[in-house]
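Below: one structure, written as structure tokens.
Every chain is numbered from 1, with letters handed out A, B, ... down the list of sequences.
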Protein chains: 2
Amino acid sequence: MIDPEPAGASEAGGRREEIVEIASRLFAERSYRGVGMRAIASAVGVQPASIYHHFSSKADILDAIIADVTERFIAAHLYLLDPKFVTASSMRQLVTEHVVYFWQHRIAEAVGLRELKELSVARAEHVRRSRRSYQDAWICAIQVGVSGGWLPAQNPRIAALALLSMINGVNAWYREAGPLSIAEVAEMHAEMAVTGVLGGCPEAPP
Amino acid sequence: MIDPEPAGASEAGGRREEIVEIASRLFAERSYRGVGMRAIASAVGVQPASIYHHFSSKADILDAIIADVTERFIAAHLYLLDPKFVTASSMRQLVTEHVVYFWQHRIAEAVGLRELKELSVARAEHVRRSRRSYQDAWICAIQVGVSGGWLPAQNPRIAALALLSMINGVNAWYREAGPLSIAEVAEMHAEMAVTGVLGGCPEAPP
DNA sequence: GTCTATAGAACGATAGAC
DNA sequence: GTCTATCGTTCTATAGAC
């Protein structure tokens, strides 16, 4: 049993984590600029000045929210697009895990997507580079499939961007109250993405 | 030659139109709450108080920006999804026109998507209803295709939402500096959407 | 139709006691 | 670690002259 938190993070249940969690919900609902320190403090149940014992500024809270949610997923899953081993099956697996992970982290992901410009330039650039590497890995993997004859996609770059738009869009409309679980929706998207957008037949090699 | 502006709009080049155009660009770049009346006035070249001669409030400017950009497209194109006449070909045409129109109106569309919650409740609800009718028309049309045997989509609702996410995502990554025109990207999306996501073969009837 | 001037509220952040 | 109190800024919006 390994501590799932990276080194440097405080134990769960600390004030700092509580502030991050509450602020992320508020930012997702009313936007970063639409939520003041007074509103955050009030939701936490403390006075505004107390927040500054845990964070040096409001932007520092935003940094902690966005931090590396997306990067962590990308770093852990890029191997599925490795040109030497990528298959239609590994692509389906990646789409499925992508949809599920992004839904599970939907609040931080929504804030990270919407408030990217509010981040410090250095951190925003870090996030953009990470996303770019994921996108490029998809393009490269699709090109491998086209060269190998098992993916008939016309334009790998456009296909990759269309595929990512499709699966990133799930959070905008999916609701847990509906008849389908997020895992079912994820599987359907894997099918629509790889068999549909990329044109890879389910029974085709590899 | 008919006046393209709906009745009630002032002639082009008026201060009101100038303010709407400048404010929409600023809102798209720095968000509604991130842009003050001073910034808008400064960009227009007047004093802040002068804006209030043309608009009763900042929210009134946002209303004028969003107004009915999306509704106008939907109202003019719903006929292409009419259950009695819809075909794979009319779906492809709609996707193409959708992508091109949304790109041409990308500034207002971006503001309308991002700042929907800043709108007055009544106007926000009007926009949501309009989008919902478009979505429902897509679902219904796909169901017709499934019933008719010319679309193998598994789940019409999920397929419609995936398709719309895909084509609405174009504005997030397309840049005119690239090698493809928006019309070319739109055509490729029509192919990926109808042949790919919905599974309709190009040569299949109708 | 645009100006100067400013009201009144909310903002991010700090000082210093406990 | 949280409090009270508040500083200085910025915000939307208005009053009234020209």
Side-chain angles (χ1 to χ4, degrees), chain A residues 8-66 111 114-121 123-124, chain B residues 8-66 111 114-121 123-124:
Chain A
S10 314
E11 77 277 14
R15 261 278 191 265
R16 196 184 151 89
E17 281 65 37
E18 188 187 3
I19 293 169
V20 166
E21 198 166 319
I22 288 175
S24 64
R25 270 199 295 271
L26 292 174
F27 289 164
E29 284 167 13
R30 288 188 269 147
S31 89
Y32 175 68
R33 294 193 113 108
V35 178
M37 292 300 264
R38 284 163 182 81
I40 298 171
S42 168
V44 174
V46 296
Q47 292 300 312
S50 305
I51 304 284
Y52 289 90
H53 178 75
H54 304 278
F55 295 91
S56 65
S57 69
K58 189 183 167 190
D60 197 26
I61 303 178
L62 185 63
D63 271 8
I65 294 170
I66 300 183
V111 175
R114 192 176 195 225
E115 314 290 359
L116 195 59
K117 285 178 180 171
E118 306 285 353
L119 244 49
S120 63
V121 178
R123 189 167 281 282
Chain B
S10 315
E11 77 277 14
R15 260 279 190 265
R16 198 184 150 88
E17 281 66 35
E18 189 187 4
I19 293 168
V20 167
E21 197 166 320
I22 288 175
S24 63
R25 270 200 295 270
L26 292 174
F27 290 165
E29 285 167 12
R30 288 188 268 147
S31 90
Y32 175 69
R33 293 192 115 110
V35 178
M37 292 300 263
R38 285 166 183 79
I40 299 171
S42 168
V44 173
V46 296
Q47 292 299 313
S50 304
I51 303 284
Y52 289 90
H53 178 76
H54 305 279
F55 295 91
S56 67
S57 69
K58 189 184 165 186
D60 196 25
I61 303 179
L62 186 62
D63 271 7
I65 293 170
I66 301 184
V111 175
R114 191 176 195 223
E115 314 291 358
L116 195 59
K117 285 178 179 169
E118 305 287 351
L119 244 48
S120 63
V121 178
R123 187 167 281 282

Counting distance only, does the side-chain N/O of [X] pair as donor-acceptor with the main-chain N or O of [Y] below 3.5 Å?
X        : Y        : value
A:Tyr32  : A:Leu116 : no
A:Ser24  : A:Val20  : yes
B:Lys117 : A:Arg30  : no
B:Lys58  : B:Gly36  : no
B:Arg114 : A:Arg114 : yes

What contact category does A:Arg38 fall into here, base, sugar-phosphate, or nothing, at under 4.0 angstrom with non-hydrogen atoms?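 Base, at least one base heavy atom under 4.0 Å.
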
Contact class for A:Val44 vs. all strands (heavy atom < 4.0 Å): base, sugar-phosphate, or nothing?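 No contact.
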
Any chance you could measure B:Ile65, atom CD1, to B:Ile22, atom CD1, to the nearest 0.5 Å? 11.0 Å

Bending between helix ends of the helix from C:dG1-D:dC18 to C:dC18-D:dG1 [5 pairs per end, 10° resolution]: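 The angle separating the two end axes equals 0°.
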
[X] [atom1] - [N] [atom2] separation (whole Å):
X       : N      : atom1 : atom2 : result
A:Ile40 : C:dC11 : CD1   : P     : 10 Å
A:His54 : C:dT14 : NE2   : P     : 16 Å
A:Leu62 : C:dA13 : CG    : P     : 12 Å

Less than 4.5 Å apart, any side-chain heavy atom of B:Asp60 and any of B:Tyr52?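 Counting from C-beta outward, B:Asp60 and B:Tyr52 never come under 4.5 Å.
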
When you compare the side chain of B:Arg123 with that of B:Ile66, does any pair of heavy atoms fall below 4.5 Å?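 Counting from C-beta outward, B:Ile66 and B:Arg123 never come under 4.5 Å.
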
5' precedence on DNA chain D between B:Gly34 and A:Ala49 (nearest-nucleotide basis): A:Ala49

Go through DNA chain D in 5' to 3' direction and return only the first and the last nucleotide with some atom under 4.0 Å of chain B's heavy atoms. D:dC11 to D:dA15

